[in-house]
Amino acid sequence: MHRWSRLFIPTLREAPADAVVASHQILVRAGYIRQLGAGIYNYLFLGTRSINKIVAIVREEMDKIGQEFYLPALNPAEIWQESGRWTGMGENMFRLKDRKGADLCLGMTHEEVMTSIARDEVRSYKQLPQIWYQIQTKFRDEPRPKSGLLRVRQFTMKDSYSFDIDEAGLDVSYRLHDEAYRRIFTRCGLEFVAVEADSGAMGGSQSQEFMVYTEAGEDLIASSPDGKYAANIEKATALLAVVEDLPDAELEEVHTPGQRTIEEVGAFLKTQPHHQVKTMAMMAVWPDGKAKSVVAFLRGDHQLNETKLASLVGGAELRPMQPEEIASIFNAPAGYLGPIGLKQSDKLMIVLDKALEGRRNLIAGANKEEFHLRNVTPGVHFNDFVVADVRTVTEGEPDPIGGQPLRIGKAVEIGHIFKLGYKYTESMGARVLDQNGKEVMPIMGCYGIGIERILTSAMELSAAKKGLTDRGDLQYALPPSIAPFEVVITVTKQNDASLAEAGEKIARDLEAAGFDVLLDDRDQSAGVKFKDADLIGVPYRVNIGKKLAEGKVELVDRLSDTVTEHGVGDVVAQLKSAFQK
RNA sequence: CGGGGCGUAGCGCAGCCUGGUAGCGCAUCUGCUUUGGGAGCAGAGGGCCGGGGGUUCGAAUCCCUCCGCCCCGACCA
């Protein structure tokens with residue numbers, strides 16, 4: 001049993017000025033962590049306890065589908081050179097030299113190490129499939145560590161890797177992870193959504209991120225209320241309500257001096273933004289310096305989605321065109337750009353957003369300074385374009401599956417599952433013999449979970465739900481499965497022997513019943529003890545105080561904020577039923 | 001890497017502009033009184049004022065420089 005009087009739980013009355021997001025303030029104030037450097041934290045007693053509980057859940061679920069390894073964080077450069085990531089990872093990799101001058105790095109992920117094991121040891125299809133995982137410290141030299149434990153340079157990750165003989169096998173490994181992750185996050189008490197993710201530069205075929213909605217997050221995601229559709233905003237699509245076009249009429253040039261923006265033109269011509277064409281003139285630039293002009297036409301009230309457009313162009317970086325670049329393609333300056341008269345070439349790509357397909361009688365720039373055109377119809381007045389979805393969905397638009405209003409919000413990524421393909425087995429030369437004795441490459445998947453992010457998102461979720469006290473203090477409670485303790489027993493007057501003894505007894509009984517108990521036996525005022533108990537986020541509290549004379553104690557459920565009275569002998573049974581122990 | 005801010009006791013801050021022996025609140029320690037929502041009184045300890053250099057009789061304060069940390073952006077398989 002843990003007695004608070006003997007523990008190191010350095011709670012603070014005020015949060016350090018550095019801490020901005022709720023979880024960071026809580027972690028420091030409650031004595032879970034202390035900072036050692038930018039993005040580097042000491043995990044103290046409470047922090048370690050919570051992390052260990054999360055790790056235990058992850059391990060239990062992962063053991064159902066895979067085998068645990070423990071691989072070195074210190075890696076020789078060679079394997080990273082083989083995969084091409086020694087240079088590919090760039091500045092984000094911590095690098096060092098040993099005494100002989102050989103290059104080493106600290107692992108940011110373990111595809112290379114895992115693949116090297118598979119390459120050296122796995123010879124036959126009979127040994128496949130394999131799912132290997134580890135729970136390990138990762139190092140990433142983030143350009144900007146921030147938000148406490150949300151973005152750090154050293155953190156704990158559960159990473160697993162699957163090796164299969166073919167894509168059907170990979171599908172199974174992927175699905176096993178999907179299911180295991182849902183069990184893990186559910187057991188950790190999180191509300192999460194699984195979103196379709198952009199597979200990005202990894203070039204894999206399928207990828208899903210597990211996200212928790214919170215203002216502290218760095219990604220934007222869209223999801224439907226029934227949970228059937230969810231996607232990163234970089235990929236999300238939506239059904240659009242049918243909009244009525246303006247009545248048919250002849251193409252007509254109108255003088256629009258000084259009217260450049262969608263709003264100005266709309267007001268000037270007394271039309272709605274959705275009757276207009278927005279022209280986005282962009283330059284796509286590749287790492288090797290190659291560049292291509294990309295002009296995208298969108299509905300006036302829509303926003304360009306740069307990620308969608310970038311992946312359409314083929315993984316280049318996008319930036320707005322400079323005025324000279326605009327002048328080289330159009331006959332007018334920004335504000336009067338339009339679709340008519342442009343021709344695609346290997347220097348210019350023209351994209352019509354899907355939302356404009358089939359629309360008629362639109363208003364667009366005339367490619368002539370101070371003029372716009374009325375009654376422009378794609379496919380009639382201009383033809384040279386590719387149609388693609390390159391717009392960003394907005395809050396409330398109907399989701400593409402059930403047509404329900406999309407919710408868009410910031411979110412934290414707590415896990416990611418990814419069909420990797422052959423990238424590493426190919427570059428590192430992993431081969432096995434198939435049934436026909438033919439050499440084939442195993443196909444891989446990789447799957448990650450950010451352990452600390454489970455704790456921080458649980459704190460963020462609860463803090464957001466409970467809101468601030470009247471005095472502006474944060475309030476929260478952790479899910480019992482990941483709280484450092486399940487129950488705290490608050491002896492309101494420690495120097496009253498009957499209260500102290502009752503506390504000891506209930507603590508012993510709870511422990512015997514399998515609970516993780518913290519007995520607050522400090523000689524402090526009741527107020528201090530209550531505040532501290534709240535601060536460390538323990539979900540249940542037993543108050544031992546005045547009512548003990550009547551044989552009663554209070555049980556505070558901090559998840560629902562309810563207080564109930566129980567006989568001294570009944571409180572254990574009460575908690576057992578609450579926990580289903 | 002671009003922009004902004006900050007570094008003074010464990011935490012939160014004042015002092016700096018206008019140079020003259022470093023302060024407040026909380027926390028800590030001792031004693032007494034207290035004890036249902038961060039108690040009261042009395043006393044005490046705790047500082048390379050981020051580092052280095054300079055100006056000056058004298059620097060937390062002015063100047064130069066380096067370092068660290070935070071925020072916004074870029075970046076983030």
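In what follows, chains are A, B, ... by sequence order, proteins preceding strands, each numbered from 1. Note: hydrogens, waters and symmetry copies are ignored here, and every other heavy atom, side chains too, is used.
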* For nucleotides U21(B) and U35(B), find the distance between their C1' atoms and express it as a whole number of Å. => 43 Å
* **Distance between P atoms of G51(B) and G10(B) (Å, rounded)** => 14 Å
* To do: Sequence neighbours left out, what passes side-chain hydrogen bond (donor to acceptor under 3.5 Å, both in side chains) with Arg175(A)? Give chain and number order.
  => Glu179(A)
* To do: Summarise protein proximity over nucleotides 1-7 of chain B in one line of letters, 5' to 3': B for base, S for sugar-phosphate only, - for none, counting protein heavy atoms closer than 4.0 Å.
  => -------
* Check the distance between G10(B)'s P and Asp18(A)'s CG and give it to me in whole angstrom. => 15 Å
* To do: Check whether any side-chain heavy atom of Arg522(A) sits under 4.5 Å from a side-chain heavy atom of Gln494(A), and report yes or no.
  => no
* Asked: Whom does G2(B) pair with, Watson-Crick or G-U wobble, provided both distances fall under 3.5 Å?
  -> C72(B)
* **No-H, no-angle donor-acceptor pair, Arg140(A) side chain to C76(B) base, under 3.5 Å** => no
* To do: Using ring pair (Phe, Tyr, Trp, His ring centres under 6.0 Å) as the criterion, list what pairs up with Phe69(A), not counting sequence neighbours.
  => Trp132(A)
* To do: Look through every strand shown and name the nucleotide pairing with G7(B) as Watson-Crick or G-U wobble, where both distances are under 3.5 Å.
  => C67(B)
* Structure fact -> Atom CG of Leu220(A) and atom C1' of C76(B) are separated, to the nearest Å, by 15 Å
* **Rounded C1' spacing from G12(B) to A74(B) in Å** => 33 Å
* Side-chain heavy atoms of Tyr422(A) within contact of Ile443(A), under 4.5 Å -> yes
* Using the P atom on both, measure C17(B) against G50(B) and round to a whole Å. => 15 Å
* Mark up nucleotides 25-38 of chain B, 5' to 3', with B wherever a protein heavy atom is under 4.0 angstrom from a base atom, S wherever such an atom reaches only the sugar-phosphate, and - elsewhere. => BSS-------BBBB
* **Test ring pair (Phe, Tyr, Trp, His ring centres under 6.0 Å) applied to Phe515(A) - qualifying residues, sequence neighbours left out** => Phe579(A)
* Could you check how far CG of Leu318(A) sits from P of A74(B), rounded to whole Å? => 14 Å
* To do: Could you measure between the two C1' atoms, the one in A22(B) and the one in C13(B), and give it in whole Å?
  => 14 Å
Table please: side-chain donor-acceptor pairs of residues 548-555 of chain A below 3.5 Å, with sequence neighbours left out.
from: Glu554(A); atom 1: OE1; to: Asn543(A); atom 2: ND2; distance (Å): 2.9
from: Glu554(A); atom 1: OE2; to: Lys547(A); atom 2: NZ; distance (Å): 3.4

* Asked: If you look at every strand shown and take non-hydrogen atoms under 4.0 Å, does Met157(A) touch a base, only sugar-phosphate, or nothing?
  -> base
* Structure fact -> Sorted by chain and number, sequence neighbours left out, ring pair (Phe, Tyr, Trp, His ring centres under 6.0 Å) with Phe45(A) holds for His2(A)
* Structure fact -> pair_partner(A59(B)), Watson-Crick or wobble, both distances < 3.5 Å, evaluates to none
* Separation of C71(B) C1' from His24(A) NE2 (nearest whole Å) -> 13 Å
* Verify the distance criterion only: is there a donor paired with an acceptor across the side chains of Glu209(A) and Asn232(A) at less than 3.5 Å? => yes
* Asked: Touch check for Val20(A), heavy atoms < 4.0 angstrom, all strands: base, sugar-phosphate only, or nothing?
  -> sugar-phosphate
* To do: Please identify each residue that fulfils side-chain hydrogen bond (donor to acceptor under 3.5 Å, both in side chains) with Tyr181(A), with sequence neighbours left out.
  => Lys158(A)
* Considering only atom P, compute the distance from C24(B) to A44(B) and round it to an integer number of Å. => 12 Å
* Asked: Contacts to RNA chain B from residues 34-49 of chain A, heavy-atom cutoff under 4.0 Å, which residues?
  -> Gln35(A), Gly37(A), Ala38(A)
* Kindly write out the residues that satisfy side-chain hydrogen bond (donor to acceptor under 3.5 Å, both in side chains) with Arg13(A), not counting sequence neighbours, or none if the list is empty. => none
* With sequence neighbours excluded, what pairs up with Lys465(A) under the side-chain hydrogen bond (donor to acceptor under 3.5 Å, both in side chains) test? -> Glu191(A)
* Euclidean distance for P, A39(B) against G2(B) (whole angstrom) -> 48 Å
* Atom-pair distance (CG on Asp219(A); P on C75(B)), nearest Å -> 13 Å
* Paired nucleotide for U34(B) [Watson-Crick or G-U wobble; both distances under 3.5 Å] -> none
* Nearest of C72(B), C69(B), C76(B) to any side-chain atom of Arg153(A)? -> C69(B)
* Atom-to-atom span, CZ of Arg151(A) to P of A74(B) - whole angstrom -> 13 Å
* **Distance in angstrom units between Glu142(A) CD and A74(B) C1', rounded** => 13 Å
* Structure fact -> With sequence neighbours left out, the residues meeting salt bridge (Lys or Arg N to Asp or Glu O under 4.0 Å) with Lys138(A) are Asp159(A)
* What do the steps show when you test Ser457(A) against Phe192(A) for side-chain contact (heavy atoms from CB on, under 4.5 Å), and what is the final call? -> CA-CA 10 Å; Ser457(A) 20; Phe192(A) 63 94; over 6 Å; no
* Structure fact -> Checking N1-N3 plus N6-O4 or O6-N4 for Watson-Crick, or N1-O2 and O6-N3 for wobble, each under 3.5 Å, the partner of A44(B) is U28(B)
* **Whole-Å gap separating P (C11(B)) and CD1 (Ile33(A))** => 14 Å
* Sugar-phosphate, base or nothing in reach of Ala15(A), heavy atoms under 4.0 Å -> sugar-phosphate
* Give me the ring orientation class for Phe185(A) and Phe210(A): parallel if the planes are under 30° apart, tilted from 30 to 60°, perpendicular past 60°. => tilted
* Checking all strands, does Ser147(A) fall into the base, sugar-phosphate, or nothing category for heavy-atom contacts under 4.0 angstrom? -> sugar-phosphate
* Can you tell me how far C1' in A14(B) sits from the matching atom in C26(B), rounded to whole Å? -> 15 Å
